[in-house]
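What follows is a short report on a single structure.
For ligands, and for the atoms within them, numbers begin at 1 and follow the listed sequence. It should be emphasised that the depicted structure is a prediction, and the values quoted were computed from it without experimental measurement. FYI, side chains are in, hydrogens and waters are out, and symmetry mates aren't considered; it's all heavy atoms of this structure.
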Amino acid sequence: MRGIRSPLRGIGTLPRRAIRRLRHLRPRTFQARLTVAFTAVVAGTLLIVAMLVINRVGAYFDQQQQDDLEARANAVGQYVILIAQDTATIRAGKDVVNESGVVDEAVVTELSHEERLRLVADRLAQADVRFQLGLLTPNGGFQPAANGAFVATERAPAEPGQTREHLTSAPLRVELASAAVPYAVEVTLVNPYTFRASAIANVAGLLAIIGLVALLVAIVVAAGLARRFTTPLRRLTEAAGDLAEGDLARRVPSDSVRAGATELAELGLQFNAMAERLQESVDIIRRDRDRSREFLADVSHELRTPIAALRTFNELLVEGAAEDPTTRSEFLESSRAQLERLDWLALNLLELSKLDSGLVLLDLRPEDLRATVEQAVDQAAASARRRGIELTVEVPDEPLPIRHDPVRVGQVVTNLVGNGLKFTARGGRVQVRVRATAAGAEILVADTGMGIDPAEMPRIFDRFFRGARATEARGSGSGLGLAIVRSIVEMHGGSVTVESRLGEGSVFRVDLPVSPTGPAERVAETSSSEAPNRNAAAPR
Ligand code: ADP
């Protein structure tokens, strides 16, 4: 049967294709969909109302028509009786229908008269009419007379607004019980002219016009409302688009946020909050990137200085300076100092990057903080003596068990004391004090040195930051010492602050909790092999 195509095959695909085509016509935008939905609801409601109204009006007109036809039939009956009475009884003194059930001949002739029938059909009944004369039986029944049936066909044209109804009314009996021989006439109207159809058509037409106007109003109102509803959404979309293209300062305007429904207003506010946070994050990333660039530039600069000095010494020695033993030992001594500086720089950079990257694991021990501080101060004693500065340490009498990394906290004290010595003139004083606090302990390092310029204060903990007057001081430095101090203190869950007055001195205050919590808590209590064997950022 291969190759024979079933004639029914294409039928199923037709509706599917029609549905697909209809789907293409479906409105795409939210505004259009809202408008269509609103209009559809209004149109549906109007349709239901119109159908109900037409149904009720139809029933009302049916009743009206029935009453009207009855009235017409009654008029015909009364007329027939009037003519019959006049013809038989009044003029000839006879019965209209005698007791044998026969209609008087004169009456038959009179009623069969063309003019009479025309009057009955065209004027009184406005329909084809069948009427039947007969006897009224004593029990109220009707006995048709053999010669009493008449038919009148309507010939007159319909009046304006009238139409012919194809129906036959129920026979209506008009009696004359008061006659000597009681008789009656039964009237039936066939295919009458009525106003019912045109009245219904009028009402339907009126309803259609009202419905159409209502629908147009609904479309306009729906379009306006949908536009109003969707304006905040459009603003949101525009803002999101601009944001996606990199305009991070873009927000949804506050008036269109407030103009929308509560949910949309909430969405707009959330969007703005999200954009705000995004901008902040990007700003932070940019700042970090700039700082990294600066940091790299600073590192290169710091490395180049000793390397350039070493190269100069080397060239001078090659060019013959080596022949003079004094110059040679002077150059070699300077080279050694530069190499030491390079080594120190590399050590500090390595230390700082390890601290920053979180690679450093603290060797936390619940040891006496007094011992850690005293040991670090002792190491600086020789340097203080050389510089002619009084270095004192004051510790509480009771042991101060603080969970800390002794080597790193020692490094903090070394850096702070080193700075104190560096920035204090001969004859000055550097005091180190350890105290217990409610949270743990504090280490104060106070000096009577040159103090810190308030303008520089916010930056002194930045890497490579060196105060403008730092080079005037005897010490040299690379601006890494305080950055390392802050990193170590923060890893212990503590904080470092400074108070200083120009020309009077500075006080650095380190607060340490009894036990570090948070990330520091998680660091393994590793062997001290992890810790550096030399104190980084020691004063040179
Ligand atoms: P370095 O001492 O190597 O320059 P630091 O990070 O230790 O770097 O210090 C940064 C800067 O902070 C110093 O250059 C100096 O201007 C200022 N500073 C730090 N400690 C003191 C102090 N005790 N007295 C005055 N200024 C200080």
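Of the N and O atoms on the side chains of Q279 and R251, at least one donor lies less than 3.5 Å from an acceptor on the other residue.
Taking the six-membered ring for Trp and thresholds of 30 and 60 degrees, F461 and F508 have ring planes more than 60 degrees apart, a perpendicular arrangement.
Taking all heavy atoms of F423, F465, F461 into account, the minimum distance to atom 18 (N) of ligand 1 is reached by F423. Of all the listed residues (G449, A446, G451, G420), G451 holds the heavy atom that lies closest to atom 25 (C) of ligand 1. Between the choices V485, I460, L502, the shortest heavy-atom distance to atom 17 (C) of ligand 1 belongs to I460.
Taking every non-hydrogen atom of L482 and a distance limit under 4.0 Å, the qualifying atoms of ligand 1 come out as 5 (P), 6 (O), 7 (O), 9 (O), 12 (O), 19 (C). Close contacts of ligand 1 with I452, meaning ligand atoms under 4.0 Å from a residue heavy atom, involve 25 (C), 26 (N), 27 (C). Residue R466 approaches ligand 1 through these ligand atoms, each under 4.0 Å from one of its heavy atoms: 4 (O), 14 (O).
No more than 12 heavy atoms of other residues, nucleotides or ligands shown are found within 6.0 angstrom of CZ on R56. The number of heavy atoms from other shown groups lying within 6.0 Å of CD (E238) is above 12.
Side-chain contact between R429 and I389 is absent, with no heavy atoms from C-beta onward closer than 4.5 Å.
Here's the thing with K422: one of its N/O atoms is less than 3.5 angstrom from an N/O atom of ligand 1. Considering backbone and side-chain atoms together, E456 places no N or O closer than 3.5 Å to any N or O of ligand 1.
The residue from L512, V485, D511 that alone fulfils the side-chain contact (heavy atoms from CB on, under 4.5 Å) condition with V496 is V485. Here the options are I484, N348, L482, L480, the test is side-chain contact (heavy atoms from CB on, under 4.5 Å), and the partner is N415; only I484 passes.
Heavy-atom distances between G479 and ligand 1 reach below 4.0 Å in at least one pair.
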